[in-house]
Amino acid sequence: ALTLFVPVMMVGSAHAGGLELTVEIPKLSVSEYHRPYVAIWIEDKDKKIAANLSVWYAVHLKDQEGEKWLKDIRQWWRRTGRGLDMPLDGVSSPTKPPGANKVEFKTDSGPLAKLAPGDYTLIVEASREVGGKEMVEIPFTWAPGAEAVASARGKEELGAVTLKLIK
């Protein structure tokens with residue numbers, strides 16, 4: 001699995017009101033294409049799960065058939081996934097098409113509501129049937145009064161991943 005690290009650059013000051021994340025799913029020219037399963041989470045400096053942000057998988061398959069493949073998002077599964085009851089309200093959603101996929105998380109509700117100020121790592125992991133696996137990591141500081149932008153790029157299953165902390 002490929003892991004990329006990119007430092008965050010602070011660009012201003014204001015109360016952090018949320019997180020915008022853009023995850024690019026590359027369009028691949030392969031004979032059998034399947035949309036990747038993707039897990040997005042935040043770990044603290046001790047590598048403990050601070051927040052599960054999103055899990056993209058085949059949520060609409062009969063008899064929760066899509067859930068049996070979640071274990072293929074290996075790092076997420078080992079660290080937190082196997083202990084969750086899926087689908088997880090506000091976290092589970094269908095797989096995304098190739099292109100830039102934007103998701104937003106607000107501080108007043110959901111997984112960021114209880115995130116304490118500190119140093120964290122955003123992790124995006126993708127796994128595709130008849131394809132590969134890839135993980136991108138972006139370290140960042142979550143602090144009231146700061147905005148930040150950071151990005152990293154995968155090589156196969158993930159394209160550009162951009163993290164933006166917003167007022």
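Residue numbers run from 1 in the order of the sequence given.
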Verify the distance criterion only: is there a donor paired with an acceptor across the side chains of Asn52 and Thr80 at less than 3.5 Å? yes

Please assess Trp77 against Leu70 for the test side chain to side chain contact (heavy atoms under 4.5 Å, CB included), listing each intermediate value before the final yes or no. CA-CA 7 Å; Trp77 181 257; Leu70 287 171; 4.0 Å; yes

Under 3.5 Å side-chain donor-acceptor pair for Glu43 and Trp41: yes

Could you check whether any side-chain N or O of Tyr33 sits under 3.5 Å from a backbone N or O of Lys27, counting only pairs where one atom can act as donor and the other as acceptor? no

Would you check, one step at a time, whether the test side chain to side chain contact (heavy atoms under 4.5 Å, CB included) holds for Lys106 with Leu19? CA-CA 6 Å; Lys106 301 293 181 191; Leu19 182 151; over 6 Å; no

Kindly check if the number of other-residue, nucleotide or ligand heavy atoms within 6.0 Å of NZ (Lys71) is above 12? yes

Which pair of heavy atoms, one from Phe140 and one from Thr121, lies closest together, and at what distance? CE2-C, 4.0 Å

Side-chain ion pair, Glu134 and Arg128, N-O less than 4.0 Å: no

Side-chain donor-acceptor pair under 3.5 Å between Ser127 and Lys133, yes or no? yes

Do side-chain atoms of Glu125 reach the backbone of Arg74 as a donor and acceptor pair under 3.5 angstrom? yes

Does CG belonging to Asp108 count more than 12 external heavy atoms closer than 6.0 Å? yes

Working for side chain to side chain contact (heavy atoms under 4.5 Å, CB included), residues Val38 and Ile73: CA-CA 7 Å; Val38 174; Ile73 314 172; 6.0 Å; no

Run through Asp119, Leu115, Ile42 and flag the one making a side-chain contact (heavy atoms from CB on, under 4.5 Å) with Trp142. Leu115

Give the intermediate values and the outcome of side chain to side chain contact (heavy atoms under 4.5 Å, CB included) for residues Val23 and Leu158. CA-CA 7 Å; Val23 177; Leu158 294 167; 3.9 Å; yes

Is there a side-chain contact between Pro98 and Pro26 in this structure, where contact means two heavy atoms from C-beta onward sitting under 4.5 Å apart? no

Using modelled atom types only, decide if a donor and an acceptor are shared between the side chain of Trp56 and the backbone of Ala39 within a distance under 3.5 Å. no

Ignoring hydrogens and angles, tell me if any N or O in the side chain of Glu24 forms a donor-acceptor pair with the backbone of Ala160 under 3.5 Å. yes

Checking side-chain contact (heavy atoms from CB on, under 4.5 Å) between Leu21 and each of Ile138, Thr162, Leu122, which is the one that passes? Leu122

Under a 4.5 Å cut-off applied to non-hydrogen side-chain atoms, are Ile40 and Trp76 in contact? no

Atom pair OG1/OH of Thr141 and Tyr120 - distance to nearest 0.5 Å: 10.0 Å

For the backbone of Lys48 and the side chain of Asp46, can you confirm whether one donor and one acceptor N or O come within less than 3.5 Å of each other? no

Atom CH2 of Trp69: over 12 foreign heavy atoms under 6.0 Å: no

Considering residues, nucleotides and ligands other than Lys164, do more than 12 of their heavy atoms fall under 6.0 Å from its NZ? no

Thr22 side chain reached by Asn101 side chain, heavy atoms, under 4.5 Å: no

